[in-house]
Undergrad: 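Got a structure for you, questions after.
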Amino acid sequence: MKITKTTMPKSKPPVDKLGFGKYFTDHMLIMDFEDGKWKEPEIVPYAPFAMDPSTSILHYGQGIFEGLKAYKNKEGKITLFRALDNFKRMNNGCARMCMPKLDIDVVYNALVELILLEKDWIPTDPGTSLYIRPTLIATDTQLGVSSGTKYRFFIILSPVGSYYSTGLKPTKILIEDKYVRAPLGGTGEVKCMGNYAASLLSGDIAKKKGYSQVLWMDSNEHKYVEEVGAMNMFFVFDGVVKTPALVGSILPGITRDSVIKILKSENIPIEETRISIDDIKKGFENGTLNEAFGTGTAAVVSPVGVLGFNGKDFEINSGKMGKITEYLYDRLTGIQVGRYPDPFGWVIPIN
Ligand SMILES: *Cc1c(COP(=O)(O)O)cnc(C)c1O
């Protein structure tokens, strides 16, 4: 693979300033699709792209992305978490969005090379990691609305601290009863760029009301809960963990899948099912809704302390993190950083 190294390495940000997705490493990976095939991937210095103003991604949003993490321990061992699953999911997104599929071996090997080149950028403090953002965009320069012939795949890397600046504190989430994220048959189950643009208005309204995010409901009946902006949702009713089934409008999270597998391996009851607003209200009223949490690569496991609905706030577990939530956070982050053994084959050492 061709590697062009930067002549102007950046200084690394202090660990306590990292935040999420604010700083980027010295290099990136790019790979173009032209004349019906993928070219060789290349590593180049991190820099802006020059784009013709007619480039189709800028008009019609034919683009998808992924998010995954690499970890480094104090001894310098670097690992990836379930990276191949991310590229498989990206290929599902390619099929839905009429984009050419990636050769998973090629992009995986190229990613490993990029990370090894940037290994000094991987933070080692607890809660920190290197966030990896593979992205695929349409780059044809014409204004007709049609699937394209030219594409660019790229990967950028960002050292990150804890996703929530406030730490692992239970969040306040507003159940969205007007706007919807994804209809059945839409693009909700792929990480397609437009999904996130469409969610911003609800997010802004929720923030003005003092909530950090919204919980989306199904688009048909506005009756069943689906997921949060970039997290899948779990609820614990009377010791039974429940999560919305993947009906087509919900993003199949890899963290969601990991949590389900951990619960199954511990014989903690877990159901993929439909969860209605009424189930949640009833759970508050009769005290059987014990816990709620979200799952996603960025935050891993995030406790929910308050659910807002129809002008009322429902406090879960007195606004404190629940036992199962805490257990899953500890277990999953422990497996990711090597604090616990990995019986699932999720952790991939790369050096
Ligand atoms: C990325 C994402 C998730 C979480 O997926 P992970 O693979 O666990 O990171 C959940 N919902 C949406 C809408 C997402 O974009």
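Numbering of ligands and ligand atoms starts at 1, following listing order. No experiment lies behind these values; they were computed from the predicted model shown.
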Undergrad: Below 3.5 Å, N or O to N or O, backbone or side chain included: is there any such pair between R181 and ligand 1?
TA: no

Undergrad: Could you tell me whether some N/O pair between Y196 and ligand 1 is separated by less than 3.5 angstrom?
TA: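 Yes, since at least one N or O of Y196 sits under 3.5 Å from an N or O of ligand 1.
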
Undergrad: Should you measure from each heavy atom of G253, which atoms of ligand 1 turn up under 4.0 Å away?
TA: 5 (O), 6 (P), 7 (O), 8 (O)

Undergrad: Has K74 got more than 12 heavy atoms of other residues, nucleotides or ligands less than 6.0 Å from its NZ?
TA: yes

Undergrad: Please check if the distance between the ring centroids of F20 and Y131 is under 6.0 Å.
TA: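 Yes.
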
Undergrad: Counting both backbone and side chain atoms, is some N or O of I254 under 3.5 Å from an N or O of ligand 1?
TA: yes

Undergrad: Tell me which protein heavy atom sits closest to atom 3 (C) of ligand 1, plus the residue, atom name and distance to 0.1 Å.
TA: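 That would be A230 O, 3.4 Å.
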
Undergrad: Give me the residue, atom name and distance of the protein heavy atom closest to atom 9 (O) of ligand 1.
TA: T297 OG1, 2.6 Å

Undergrad: Knowing that exactly one of I122, L130, L117 qualifies, which makes a side-chain contact (heavy atoms from CB on, under 4.5 Å) with L157?
TA: L130

Undergrad: Quick check with a 6.0 Å cut-off and a 45 degree axis cone: is R152 positioned over the face of F49's six-membered ring?
TA: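 Yes.
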
Undergrad: Main chain of M97, side chain of Q62: is a donor-acceptor contact present, judged purely on distance under 3.5 Å?
TA: yes

Undergrad: Please state whether A298 comes within less than 4.0 angstrom of ligand 1, counting heavy atoms only.
TA: no

Undergrad: Which atoms of ligand 1 have any heavy atom of G296 under 4.0 Å away?
TA: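 Those of ligand 1 that fall under 4.0 Å from G296 are 4 (C), 8 (O), 9 (O).
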
Undergrad: When you compare ligand 1 with R89, is there at least one nitrogen or oxygen pair between them that comes in under 3.5 angstrom?
TA: yes

Undergrad: Please confirm whether E66 approaches ligand 1 to less than 4.0 Å, judged on its heavy atoms.
TA: no

Undergrad: Using only atom types and a distance under 3.5 Å, with no angle test, would you say the side chain of D32 pairs donor to acceptor with the backbone of K39?
TA: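 Checking the backbone N and O of K39 against the side chain of D32, no donor-acceptor pair under 3.5 Å is found.
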
Undergrad: Distance to 0.1 Å, residue and atom name: give those for the protein heavy atom nearest to atom 13 (C) of ligand 1.
TA: G229 O, 3.1 Å

Undergrad: Would you mind listing which atoms of ligand 1 come within a distance below 4.0 Å of any non-hydrogen atom of M231?
TA: 10 (C), 11 (N)

Undergrad: Does K242 count as lying over the ring of F237, i.e. NZ or CZ under 6.0 Å from the six-ring centre, within 45 degrees of the axis?
TA: yes

Undergrad: How far is atom 11 (N) of ligand 1 from its nearest protein heavy atom, and which residue and atom name does that atom have?
TA: E227 OE1, 2.5 Å

Undergrad: Would you mind checking which non-hydrogen protein atom is closest to atom 8 (O) of ligand 1, with the distance to 0.1 Å?
TA: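 Answer for atom 8 (O) of ligand 1: T255 OG1, 2.6 Å.
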
Undergrad: When you measure from the side chain of D330 to the backbone of L328, do you find a donor-acceptor pair of N or O atoms at a distance under 3.5 Å?
TA: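 Pair absent, no side-chain N/O of D330 close to backbone of L328.
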
Undergrad: Please verify the inter-ring angle class for W346 with F81; under 30° counts as parallel, over 60° as perpendicular, anything in between as tilted.
TA: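 Answer is perpendicular, since the angle exceeds 60°.
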
Undergrad: Would you check whether K191 has a nitrogen or oxygen atom less than 3.5 angstrom from a nitrogen or oxygen atom of ligand 1?
TA: yes

Undergrad: My understanding is that only one of W121, F24, F154 makes a ring pair (Phe, Tyr, Trp, His ring centres under 6.0 Å) with Y46; could you say which?
TA: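 Of W121, F24, F154, ring pair (Phe, Tyr, Trp, His ring centres under 6.0 Å) with Y46 is met by F24 alone.
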
